[in-house]
Amino acid sequence: MLQFILRRLLFIIPTFFVISFVTFIVIQLPPSDYAQTYVSGLLAQGDNIDAQATLKNLRDLYGIGEPAYVQYGKWMWGILTRGDFGMAFEYQQPVSFIIWERIEFTIVITLASLLVSWLIAFPVGIYSAVRQYSLGDYLSTFLAFIGISVPSFLMALVIMYILFKYFNITLGGLFSSQMEKAPWSLAKVVDFLQHTWLAILILGVSSTGGLIRTLRANLLDEMHKPYVITARAKGLPEWKVVIKYPLRLALNPFISGVGFTLPLLVNGSIIISVVMSLPLVGVMLLRSLQSQDMYLAGSLILITSLLTIIGVFLSDMLLAWVDPRIRYQ
Amino acid sequence: MEGPELLLEVKGLKTYFFLDEGTVKAVEGADFSLLRGGTLGIVGESGCGKTVTAYSITQLIESPGRIVEGQILFHRRLNGVEGSPATTEVVDLAKLRPGSRSICEIRGSEIAMVFQEPMTALSPVHTIGDQIMEVILLHRKVSKKEAREQTVEMLRHVGIPKSETRLDTYPFQLSGGMRQRAMIAMALMCRPSLLIADEPTTALDVTMQAQILELMKQLQREMGMAVILITHNLGVVAEVCEQVAVMYLGEVVEWADVEALFADPLHPYTQALLRSIPKLGQSKKGRLDPIKGMVPDPYNRPGGCPFHPRCAQMIAGRCDQERPPLVRRPDGRTVRCVLYADS
Amino acid sequence: MNTAGIIHQTAARTDTEAPIFVAPEWKLVWWKFRKHKVALISGIIIVFIYLVAALVEFLAPFSPTATNSKYLYAPPQPLQFDGGLFVSGYTSTVDKAALRRIFVVDPTQKIQVGFFVKGIPYKWFGVLPSDRHLFGPVDPTQPMYLLGADRLGRDLLSRLIYGTRISMSIGLIGVFFSLLLGIVLGGISGFYGGMVDTLIQRTIELVRSIPQIPLWMGLSAALTFSISPVQTYFAITVILSLLAWPDLARAVRGRFLSLRTEDFVMAARLDGASQWRIIFRHMLPAFYSHIIATLTLTIPSMILAETALSFLGLGLREPVVSWGVLLQDAQDIRSIATAPWLLIPTLAVVIAVLALNFFGDGLRDAADPYAR
Ligand SMILES: Nc1ncnc2c1ncn2[C@@H]1O[C@H](COP(=O)(O)OP(=O)(O)O)[C@@H](O)[C@H]1O
Ligand code: SF4
Ligand SMILES: [Mg+2]
């Protein structure tokens, strides 16, 4: 068990560096830089400035123009020693000042939608497997395929249109304006849910399809294993047999399925936040990429990736906890 | 007790699987009976329907399979007051709905089963203690603590050392022999009147086989239960059983006492089967006599006597036309072969 | 097969080996696949869609980039029939408050619609010049917007048809690249084993465990900043395949490992069949069906990814037309509310992806001999 945890933990560290490195390269790739984008923006607006001087000033200020590896080294050093992710140019503030709230809400919404997808996938998947080839099974299989095939942002677009057209509802933001600054309370939570339920629901539903398919397939596999016959031969009633044995075993891949559900959910939440104009990581990332706000974009990519990996790590731990075969290996 | 008492009678049992590709007549006429405390061996080549017969008895056949015909009469001893003579009730297990309450009450409590592969027959994510205790918690009114104590006791009884700690281990942490012992402990928890063991030693190595068989014999003596031992090994039958039913392509072709069968096999298939086992004292070079041909596939059972394509004594025009009748001999043995139909 | 046949065959075994009929692998797969009705129908739909993609110039009545300031956001005209096909014309009024034109379909104006009409000239597969289109207004100056017009008065139907080519081909080409990567890396992994295998496995695990959209966004933002549309197209394809290869590599490696030990390959070895014969006759066919199934299931995820990226404005850009580019116009609720038909490309995406998923799933089932 300890060995298992250590091995998984050790996997996270190189992963962190690989991702940070790739991220940094990616951010460095464009031929222009923020200073240039900024100055051309000013020039385009007709501001009368000394372009060269401003450029140089900006570049010196933010360390732009140093060799890439120096920049990377400085960036990493700042992150690891001070939790300093660099400057967000456009906001004129350190990255770490402006991202955490968005990241927290992104985590909340992602986890909530993970919960929703479980709540749906669980009963449907079990029903589908226990009543294989029934009408309900065909129906849920079909719906699962639709869930897999319709990306969340398209679903969101269509539903938002329907809500707007027929119910005159527009959703957007995380809170109503008077709740924005209020301290946390039950009312604020309710307000939060009122604003985000659709996003949570859509994200949940869109990753349910895959889960239903996995659960069904696993359960079907397990239902025909000899230990199920043993359980029946003991005299257990059928529902108890299913719950205690095959279902219990089919749960394992379900839990390890978090490994692919979580990245999917994070993907979804990024696009959906743009579509539904929720102030989450997605919108900020998009904006920062467009304006080449490199430290901000890089940090966002790095942190979301890292968080996902940690989530997957936690699901691995959960798996080891419920599956003795892993625990005792 | 006055005279031997019947425990189980199987009459004309037929179990089919209805598949898209056709109907598999896995059991096509099984007749035998078993005395209380007796030991019956069911032998036959792989695929002849032994397991399906065993599963039929406890209604474990899964869809698309179904018992289509026949009776499985189980003489249940109703729990009388201690000391007073017990009354019995006859239940036709074949009539019970699979998964119904009545069959669930009998399974595990009065008829218990041991399977071939202890590794796969035990859940890998539950401790063996959990899986064994469950039986007694289900059928008897006992507290968790008592159940645990009884389980420890039973595990010790079947020869698992340090049973208090073994209780909390998982099947994959035990050796094959230990796992099978645990299986047996599980089956015996409720002191069933019938234990069905489906090739309990096939998956084990030879020394382990002998130990497990020895254990089963000993436990049977102690507990007085009846045993149906399914095997494809005639040697095992000779060693352990009192009676034997020989199966071929879903039919019980011969049913007799072990001594009688070995001394005087009636059915040509039994004769061939006996010729094919090595005998003590036979020179190593002496060739075994394999039965000619292969077992046909169950979709296409030969008409008439199913054995006729391979039978040396086949009577053309008869064996391949009509199904041989079930002949009951004066000494109680039964055989399904036209050679004995006229006597 | 009948009983007598089996018995005779068995009897004959002793002297000469009876020939046993073995259906070739692809036939077995086909037989099983045929049973999946939904997958079969999906297959037909996919062929149809790719046909559309191939014949874009002929099928689309107009150019995808031709703007018309008279018909901004013109709503769809339903196709009607009165002995010949026609659509009704529009009358428009200007809404001073909203500062835009309001269109009303005017049943008194009839615009004849004909087949094989003359329109903008193009070249069949870039070679044969022609100006015939499958259908269109008989008088090319008349408006015909079967699916409505966008904010620049471009014909959505034509744009959708053109978008089919880009969206569907990006999936295909992307899959091809990632298959190359997957086969090379998965093959190396399965063939050599040991350290190399471990390294590649860890890499696969890594790529699979990070959310891809942020990286995609970063990559395409970086790559597509100042390059031409054609370069963008290839850049996007490469980016998509860069992150999609792990699934394929896993499939390749898995098949490799299991095939090495599979019974019939063993049997062929014992039989004395030469290595190459084993590989070509026995290993590859079993290999294909699986890989093709995985491939088919990768295409839709590529299409979706392209759609997402283009939708966000980080993928393909005007004047290139893909479904994702079309959906960019439907980004905010206000434009959808004015012109709901801008959502129509959603339908194209969903149908294509659904069909590909069903098809791939049926294929995978058929390719797996042990599937229930
Ligand atoms: N679930 C099932 N579906 C279809 N056929 C089955 C099933 N279980 C058993 N059979 C068929 O029934 C026949 C008897 O099987 P079985 O009783 O397992 O033989 P054995 O004597 O080796 O225990 C076999 O031909 C087998 O193919
Ligand atoms: S009935 Fe005929 S074929 Fe069958 S065993 Fe008897 S003699 Fe042989
Ligand atoms: Mg068996």
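Just so you know, these numbers come straight off a predicted model, no measurement behind them. A, B, ... follow the sequence lines: proteins, then strands. Residue 1 opens every chain.
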At a heavy-atom separation under 4.5 Å, does S301(C) approach chain A through its side chain, its backbone, both, or neither?
neither

Counting heavy-atom pairs under 4.5 Å with chain C, the top scorer among V158(A), V22(A), I270(A), N267(A) is N267(A)

Quick check for you: to the nearest 0.5 Å, what is the distance between L327(C) atom CG and L154(A) atom CG?
5.5 Å

If I measure from the heavy atoms of chain C, does L286(A) come under 4.5 Å with its side chain, its backbone, both, or neither?
both

Residue among P300(C), G313(C), A337(C) with most heavy-atom pairs under 4.5 Å to chain A:
A337(C)

Part of L265(A) within contact of chain C (heavy atom distance under 4.5 Å)
neither

To the nearest 0.5 Å, how far apart are CG in L343(C) and OH in Y161(A)?
7.5 Å

Highest number of heavy-atom pairs under 4.5 Å with chain C: which of F153(A), F164(A), F142(A)?
F153(A)

What part of V281(A) gets closer than 4.5 Å to chain C, counting heavy atoms only: side chain, backbone, both or neither?
neither

Scored by heavy-atom pairs under 4.5 Å with chain A, the best of L356(C), I303(C), V349(C), D361(C) is D361(C)

What is the minimum heavy-atom distance between I271(A) and A308(C), and which atoms define it?
CD1-CB, 3.4 Å

I336(C) versus chain A, heavy atoms under 4.5 Å apart: side chain, backbone, both or neither?
both

Selection from T304(A), L306(A), L157(A) maximising heavy-atom pairs under 4.5 Å formed with chain C
L157(A)

Please indicate whether L135(A) has more than 12 foreign heavy atoms, meaning atoms of other residues, nucleotides or ligands, lying under 6.0 Å from its CG.
no

Should the heavy atoms of other residues, nucleotides or ligands under 6.0 Å from CZ of R202(C) be counted, would the total exceed 12?
yes

